[in-house]
Each structure stands twice: as C-alpha cells, then as structure tokens.
Undergrad: 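Input: one structure, supplied below.
Bear in mind the structure is a predicted one, so any value in this text is a computation, not a measurement.
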Amino acid sequence: MQGSKSARTVNLQGPLTIDKAAGIKASLAEALAAASVVIVDISSAEDMDLACLQALYAARAEAKAGGKQLHLEGTIPLRVAQRLSACGFLRGMPERAEEFEASLVGF
Amino acid sequence: MLDQFKATFKEESFELLATLENTFLELESQPLNGELINAAFRAIHTIKGSAAMFGFDSVSRFAHEFETALDLCRNGTLSVTKDFIGLALKGRDHIRRLLDFDEPVPAEVQGESGPLLDRFRGFSKKAAPQEGGAAPEPEQAPAKAEPAARGTFRIEFKPSKDISRDGTKVLSLVEELARLGQADVFPHTEGIPRLSELDPEACYCWWDVLLTGEIDENAIRDVFIFVGDQAELRIEQVGEGGDGSAGASTKRLGDILVERGSATPETIQEALKTQRKLGEVLVERHIVSKQEIESALVEQEHLKKIQEKSEAIVGSIRVASDKLDALVDLVGELVTLQARLSRTSFELRDAQLSSISEQFERLIAQLRDNTMSIRMLPIGSTFNKFRRVVRDLSLELGKECELVTEGAETELDKTVIEKLGDPLVHIIRNSIDHGIEKPEGREAAGKPRTGTIKLSALHSGAYVLIRVSDDGKGLDREAIREKAIQRGLISPNQELSEQEILQLIFEPGFSTAKVVTTVSGRGVGMDVVKREIDSLGGNVQIDSAPGQGMTVTLKIPLTLAIIEGLLVRIGREFFVVPLSSVDGIIEIPKADIASMGERRIISYRDEFVPYVALRGFFGTEEDDASEEPEIEQMVIASAQDSRVGFVVDQVIGDNQTVIKPLGRLYRDVEGISGATILGDGTVALILDINRLSLLVQREGANRAAGAA
C-alpha cells in the first residue's frame with residue numbers, strides 16, 4: 001500500500017461544495033502521502049465550487065513539490081465544465097480529463 | 001486641418017441632435033424610460049465635450065447646464081415632465097442654432113442662451129434644494145460614471161480570504177459578472193498554496209475580467225452589491241466597444257501592463273531594448289508574473305475581438321456627398337459613352353467589337369445600379385423630424401395628434417429625400433391645421449380625441465409612393481370651389497372633376513382657412529408642395545372622404561440622376577420621354593390628323609385623349625416641313641390621372657438617360673425638364689410630361705370655352 005510506485009484513486013462525488021472541502025483536502029493529502037501517483041476521478045461530481053477547485057490546485061502543487069503526480073480521470077461533468085469555463089479557469093468545455101487538465105489555467 | 005475637424009464635429013453634432021430630438025419625443029410618452037434619459041444625457045455630454053475641444057465655447061457652456069439637468073433626471077432627482085421636455089427641445093434647437101455660427105457667436109443668438117439657461121438652472125435647483133441652491137460644480141458631471149453606452153471595462157475582482165466563509169459563492173459572482181456582456185475572464189491561481197498549507201475554506205484566487213457590453217460601472221457594481229468589504233473591486237473603462245475608436249487593435253502588451261500598474265513605463269522601455277519577446281523578458285526579470293502576462297494577453301485578445309466585431313457590425317465609412325455626386329457624374333458619362341460604343345459597334349457590324357460592347361454594357365449597368373444604390377437612403381431619416389413638427393404644432397393649436405409612420409426603411413435617392421423635407425412639412429402642417437379637429441370636436445363626431453396622422457412610404461416600380469393621411473374632417477369640396485371662383489382661379493360655370501377640385505388647393509394664393517394662423521392659412525405652402533414635387537418629376541394626388549379625413553399621395557421617382565427614357569425624333573431634334581410615364585405608342589396617318597382639324601382629340605382604348613403635335617409646340621415646324629412623314633407616331637403618356645398624346649415624327653427606342661440640368665437660359669422653357677447627351681454626342685431634351693399635359697388640357701379647355 002505504501003509503495004512509492006503505487007497509484008491511488010480518489011473518487012469525488014456529489015456536489016463538491018465548501019462544506020466538503022475539508023474532507024476532500026484530507027482524502028487528497030492521505031492519497032498523496034500514500035502513493036506517488038494520485039488519480040482524481042470527478043466524473044460523478046455534480047458541481048464544484050471554488051474551495052474544492054482550490055483543493056485540487058493545492059494537491060497538484062503539493063504533488064509537484066514532492067516529485068509525485070496528480071491527474072484527473074473520467075468524463076468531466078458538464079455542469080463543472082460550464083462553471084469553470086464561465087469563471088475563466090477553462091478554455092472551452094473539454095469532456096475528457098486529459099484535455100481538462102491541460103486547459104485548466106495555472107494547474 | 002482644424003477646419004476639417006470642426007466640420008466633422010458639426011456634422012456629427014447635427015446627427016446627434018437629430019437623434020436627440022427623437023429621444024426627447026419618445027421620452028415624452030415614456031418619461032420613466034431610463035435608457036432614453038441615458039441616451040439623451042450621453043448625446044449632450046458628447047456634444048459638450050467635443051464642443052469644448054474644438055473651441056465652440058458657447059455650445060459647450062450651454063450644454064453644461066443642459067447636461068446637469070439631464071443628469072438629475074438620470075439619477076431620478078428630477079422627474080421628466082412635459083414642461084421639461086418642452087425646455088429640453090428648445091435647448092436642443094438652441095444648440096443647433098449655435099452650431100450654425102463659428103465662434104464668436106453673434107450677440108443676439110448668444111443672448112438667447114441666458115433665459116434658457118436660467119430655466120435649466122431653475123429645474124436643477126428645484127430638484128436639488130439640498131445643495132443650498134448653489135450651482136453644481138462645473139466638472140462634476142463628466143467625472144461621474146459613464147451611462148450605459150457600449151463600453152469595455154477592465155474589472156479586477158480580489159475577494160478577501162474569508163469571503164466564502166459567510167456563504168458567498170465566489171464562482172457564481174464571477175459567472176454573473178460574465179453574463180453582463182461579452183466577457184473574457186482570467187483567474188489568478190498563483191496564490192493557491194500547497195495542500196499542506198491550504199485552508200480549505202479560504203479564498204486564494206482573484207480575477208481579471210474584460211467585459212464589453214451596453215453596461216455602465218453601476219451595473220458592474222450591482223453584481224457585487226452584497227459582497228461589501230469582502231472584496232477589492234477595481235473597475236476601469238478601457239475602451240468604447242461600439243465605435244471602434246478606442247484604437248484597441250493597436251494596444252500593445254506593454255501599454256496594457258503599464259495601464260494595469262503591473263510595470264512602469266521605464267521597465268517596459270528597458271525590456272523592449274532586449275529585442276526579445278516583452279513578456280518573456282519581464283517574467284525573467286521578475287517584473288511581472290507569468291500569470292499577469294497571460295492576463296494582459298487575454299485583455300489584448302479581448303480588445304482585438306471587440307474591435308473586429310464592431311468593424312464587422314458597422315462596416316461602413318463616411319463619404320462626403322460631393323464625392324458621391326462626382327462618382328454619379330462619372331458613371332453618367334460612362335453610360336453615355338457606352339451608348340456611343342454600342343451604336344458604333346452596331347454600325348461597323350464587327351462581331352468582336354459588338355461582343356466587347358455587350359460585355360461593357362452589362363458591366364456598366366451593374367456599375368450604374370451599384371452607384372445608384374450607394375446614394376439610396378432610407379426615408380426614415382426624414383420621418384423623424386416630422387415627429388417634432390406634429391408635436392409642436394398640435395401643442396400650439398390645442399389639438400391632440402399622433403404621428404404614425406410606416407415604411408421608414410424605404411430607400412430613395414439622397415437628393416430626392418433632401419428635397420422632400422419641405423413639401424412633407426407643409427402637407428403635415430396642413431393636415432393638423434385644417435384636417436384634424438379639436439379634441440372636443442372629435443369626441444362630438446364620435447372619433448377618438450387624438451387625431452392620427454399617418455406617414456407611409458412604399459416602392460412602386462420606379463417610383464416611391466409617400467402618403468400622408470389624417471383622420472380629420474376631410475376637404476370641403478364646395479368651399480374649395482367657391483374659394484377658387486372667388487379668387488378667379490376658375491370660372492363659375494366650369495365643370496371640374498373631383499380630383500381637379502381637390503387639386504385646386506395647390507394653386508398659388510389659395511387658402512380656405514377662415515382664420516389666418518401662424519401655421520397656415522396664408523396661402524403659402526401647398527403651392528410650394530406642388531412646385532417642389534413637380535421639380536422632382538413626381539406628382540401629387542389628393543383623396544378625401546368628408547368627415548373621415550384626407551390622404552395626400554406623392555409619387556416620386558426613385559432617382560433624379562439616370563432614368564429609362566424613350567427616345568423620339570421630331571424633325572432633326574431628339575427628345576426623351578421618361579419611360580415610366582409612357583402608356584403606349586400608336587401610328588396615325590397624317591391625313592387622319594388633318595381631318596380632325598381643331599379638335600385634337602383621338603380615341604385611345606375607348607377613351608378620348610387630347611394630343612399635341614410637338615412639331616408645332618416646339619416650333620420646329622417651319623424648318624422641317626418637307627420632312628414631315630406620311631405616317632406619324634403618337635406617344636401616349638399618362639400624367640396625374642389623365643392621358644395625353646404627343647405626336648412625333650419617329651419613335652427611336654429606349655435610352656438610358658443621364659439627366660443633365662438645363663442652363664439658366666432655359667429655365668423658363670415650358671415642357672422641358674432637362675437634357676441628356678446621346679451616344680453620338682447630340683443633345684436631346686427631356687420632356688416634362690406633367691407640365692405638358694397640363695398645358696394641353698388647359699389649351700383644350702380654353703378652346704372649348706372659346707367655342708362656347
């Protein structure tokens with residue numbers, strides 16, 4: 001479990017709002033501590049607010065700093081893409097996680 | 001150079017004032033419409049600013065008080081009353097008058113400013129007694145937030161760290177902001193720490209938003225109304241989106257960074273010396289962050305997009321009308337030359353030449369149509385000024401009238417439109433003065449209190465029909481007849497058709513008004529209408545239903561520059577009959593004509609048509625008597641409601657007629673409206689069919705009277 005090559009997946013479901021942010025932070029921190037590659041699946045997320053988005057950014061920064069990787073996976077829910085696009089985080093409304101990741105500003 | 005700018009300033013101010021008049025008139029019916037108040041304020045604000053820039057001090061000073069009052073209307077302190085609209089319209093007229101002069105404006109005109117200004121100040125004071133009656137600070141108004149013009153704003157939204165804690169949804173705010181217009185949103189995420197340092201409920205991001213739309217600063221602030229001190233908000237206008245004058249496309253990255261305060265002009269200059277990409281150098285030197293550069297690039301892109309878009313929307317340029325006239329002249333020359341080319345190629349019977357000539361002909365026709373269409377303007381631009389006429393006049397006469405327009409988009413040659421203004425004013429005045437009854441009278445007659453004047457325009461072949469109809473009392477035929485007899489315009493026992501009686505109101509010196517008002521009743525007006533419309537090659541028709549109103553229909557040719565004509569020959573002279581008035585062509589043996597003697601009437605399609613031999617009319621008879629053909633041709637033309645025949649030697653065919661005005665010497669020649677140059681260089685005269693048929697009918701009437 002604690003092997004440095006192992007990958008861990010974190011599933012984020014439901015509306016990802018500020019009241020979940022602390023929990024999300026904890027699970028991301030736990031995963032990053034446990035594995036060198038962390039996959040975050042947000043395909044079942046119903047919405048995402050700034051606090052949770054910031055948690056993703058922060059986890060990504062943490063991973064980079066520790067020489068680890070954090071990636072997104074799964075289909076990006078339309079509502080999430082719409083909101084992030086309207087707020088300038090995204091260019092366009094990518095459906096696939098890789099594109100989403102690549103076009104996320106400053107990610 | 002400055003003169004040129006001044007001329008442009010005046011031209012643009014005239015346009016603004018024209019729109020302004022309309023805005024005020026609309027405001028009168030919808031006094032609470034904030035958009036209209038804003039539009040009025042903006043127009044005056046613009047005039048004030050540019051007037052000061054070009055040294056029109058009296059305009060600028062006058063506009064200032066005007067603007068102050070409008071500003072009070074804008075923020076709701078001063079309500080838009082009928083009185084205020086009245087004053088505003090007078091103020092508008094005064095600015096228009098001031099603009100007729102260069103500085104210094106003559107004292108007597110200047111003197112009119114005072115009383116109006118006092119009234120404006122009176123309104124302003126009444127509205128704002130809390131200011132202790134002191135005149136508002138001169139520079140206050142322009143410093144205020146711009147009203148809702150189309151503008152581009154740079155908004156920096158920096159939420160505090162704790163903003164989300166009390167439930168504020170930051171992303172929703174940004175979304176709402178972006179919905180205000182065309183937005184480019186750039187989030188700054190560089191503040192987000194590593195996960196271990198993250199406070200999950202804190203806000204680390206901030207935004208740069210570029211927003212273009214019909215918005216003002218207040219609309220932007222409204223989005224953040226509940227945020228209070230939980231965010232820093234900086235709003236700056238960076239360009240006017242609508243007119244593309246902001247020079248947005250030329251805005252360089254360096255300028256944007258300096259404007260935003262991200263870098264000083266010196267550091268930019270310094271960085272530019274390296275001859276490398278500015279952004280890279282600045283980031284390398286840690287002068288600005290990478291994100292700031294990206295955000296600035298987003299702004300540059302946004303401005304460029306807006307610029308392109310506004311260019312696409314506007315897509316038009318302003319051209320001096322004399323250049324356009326010169327172009328039409330040249331096209332006219334080309335049409336003439338082309339006629340010569342096709343004639344020559346026809347005579348030479350050269351296949352190659354005729355094929356070139358045919359192609360040339362097609363091209364010229366397209367060029368002609370295109371050029372003509374450039375001169376076409378929607379008639380709606382003149383319609384607007386009539387609203388004012390109706391308003392002022394009905395107020396003055398104590399009547400209630402409403403102007404309804406239809407077909408404002410109908411296009412007509414620029415010159416024609418310009419000449420139509422006065423005649424239409426006269427007709428409308430006549431309708432209000434003589435047609436529409438007083439409100440009480442209307443109610444008694446079972447009509448709505450407010451009379452309706454309908455102004456409509458529509459295309460009909462090579463003509464435009466312009467109708468002015470009212471629902472007033474209509475024309476009193478007997479009164480017209482009596483008056484005409486009294487004035488000696490007709491003899492008491494003269495038989496006149498209904499149309500002929502109605503047409504009498506266009507005779508010079510005719511007026512049936514029992515009381516002379518300042519408006520009409522002095523017999524000037526309607527004859528001017530007739531004269532102007534005649535000079536445009538059009539005609540006037542009147543229909544009237546007693547008690548239900550009257551309709552004046554103006555039939556105006558689409559253009560005055562090039563028409564389709566029918567070329568005819570009389571002796572060695574050529575004449576052109578406008579094709580649009582040609583009804584038919586018949587042949588008559590000379591003997592038949594001779595046998596008719598003095599009667600000069602033939603039967604055409606079961607109708608008796610008076611005719612005139614142009615050979616005799618224009619006095620070409622004596623010279624060419626020998627050449628008179630055995631069978632003559634007669635062109636039947638229709639003018640007004642009747643037909644008239646013109647006997648000519650030969651009908652040659654259709655002709656693209658470029659109308660040239662006649663010189664002063666020929667001004668009084670009756671029956672000729674202009675001249676044109678034919679393919680072989682000879683000059684042909686254009687017949688004035690309306691005038692000629694009138695002469696023929698008069699002659700017929702006189703002869704009949706003489707015989708009786």
Undergrad: Counting only non-hydrogen atoms closer than 4.5 Å, does B:Pro187 touch chain A with its backbone (N, CA, C, O), its side chain (CB onward), both, or neither?
TA: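 When you check distances to chain A, atoms from both the backbone and side chain of B:Pro187 fall under 4.5 Å.
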
Undergrad: Identify which of A:Ala86, A:Ala61, A:Cys87, A:Ala21 forms the greatest number of heavy-atom pairs closer than 4.5 Å to chain B.
TA: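 Of the options given, most contacts go to A:Cys87.
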
Undergrad: Where on B:Ala183 is there a heavy atom nearer than 4.5 Å to chain A: the side chain, the backbone, both, or neither?
TA: neither

Undergrad: Find the N and O donor-acceptor pairs between chain B and chain A that sit under 3.5 Å apart.
TA:
{"from": "B:Ser172", "atom 1": "OG", "to": "A:Arg83", "atom 2": "NH1", "distance (Å)": "3.3"}
{"from": "B:Glu175", "atom 1": "OE1", "to": "A:Arg83", "atom 2": "NH1", "distance (Å)": "3.0"}
{"from": "B:Arg194", "atom 1": "NH2", "to": "A:Glu62", "atom 2": "OE2", "distance (Å)": "3.3"}
{"from": "B:Leu195", "atom 1": "N", "to": "A:Ala58", "atom 2": "O", "distance (Å)": "3.2"}
{"from": "B:Leu195", "atom 1": "N", "to": "A:Glu62", "atom 2": "OE1", "distance (Å)": "3.1"}
{"from": "B:Ser196", "atom 1": "N", "to": "A:Glu62", "atom 2": "OE1", "distance (Å)": "2.7"}
{"from": "B:Ser196", "atom 1": "OG", "to": "A:Glu62", "atom 2": "OE1", "distance (Å)": "2.9"}
{"from": "B:Leu198", "atom 1": "O", "to": "A:Lys25", "atom 2": "NZ", "distance (Å)": "2.7"}
{"from": "B:Ala202", "atom 1": "O", "to": "A:Gln54", "atom 2": "NE2", "distance (Å)": "2.7"}
{"from": "B:Tyr204", "atom 1": "N", "to": "A:Gln54", "atom 2": "OE1", "distance (Å)": "2.6"}
{"from": "B:Cys205", "atom 1": "N", "to": "A:Gln54", "atom 2": "OE1", "distance (Å)": "3.4"}
{"from": "B:Trp207", "atom 1": "NE1", "to": "A:Cys87", "atom 2": "O", "distance (Å)": "2.9"}

Undergrad: Can you say whether A:Leu56 sits under 4.5 Å from chain B via the side chain, the backbone, both, or neither, judging by heavy atoms?
TA: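 Looking at A:Leu56, nothing touches chain B.
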
Undergrad: Which region of A:Leu84, side chain (C-beta onward) or backbone (N, CA, C, O), has a non-hydrogen atom less than 4.5 Å from a non-hydrogen atom of chain B, or is it both or neither?
TA: side chain

Undergrad: I need the residue from A:Ala59, A:Gly106, A:Ala51 with the largest number of non-hydrogen atom pairs under 4.5 Å to chain B.
TA: A:Ala59

Undergrad: Would you indicate whether the side-chain heavy atoms of A:Leu50 and B:Cys205 approach each other to under 4.5 Å?
TA: yes

Undergrad: Testing the basics here: between B:Leu198 and A:Ala58, what is the closest heavy-atom pair and its distance to 0.1 Å?
TA: CD1-CB, 3.9 Å

Undergrad: Side chain from CB out, backbone as N, CA, C, O: work out which of these in B:Ile192 comes under 4.5 Å of a heavy atom of chain A, or both, or neither.
TA: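 It is the side chain, since no backbone atom gets that close.
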
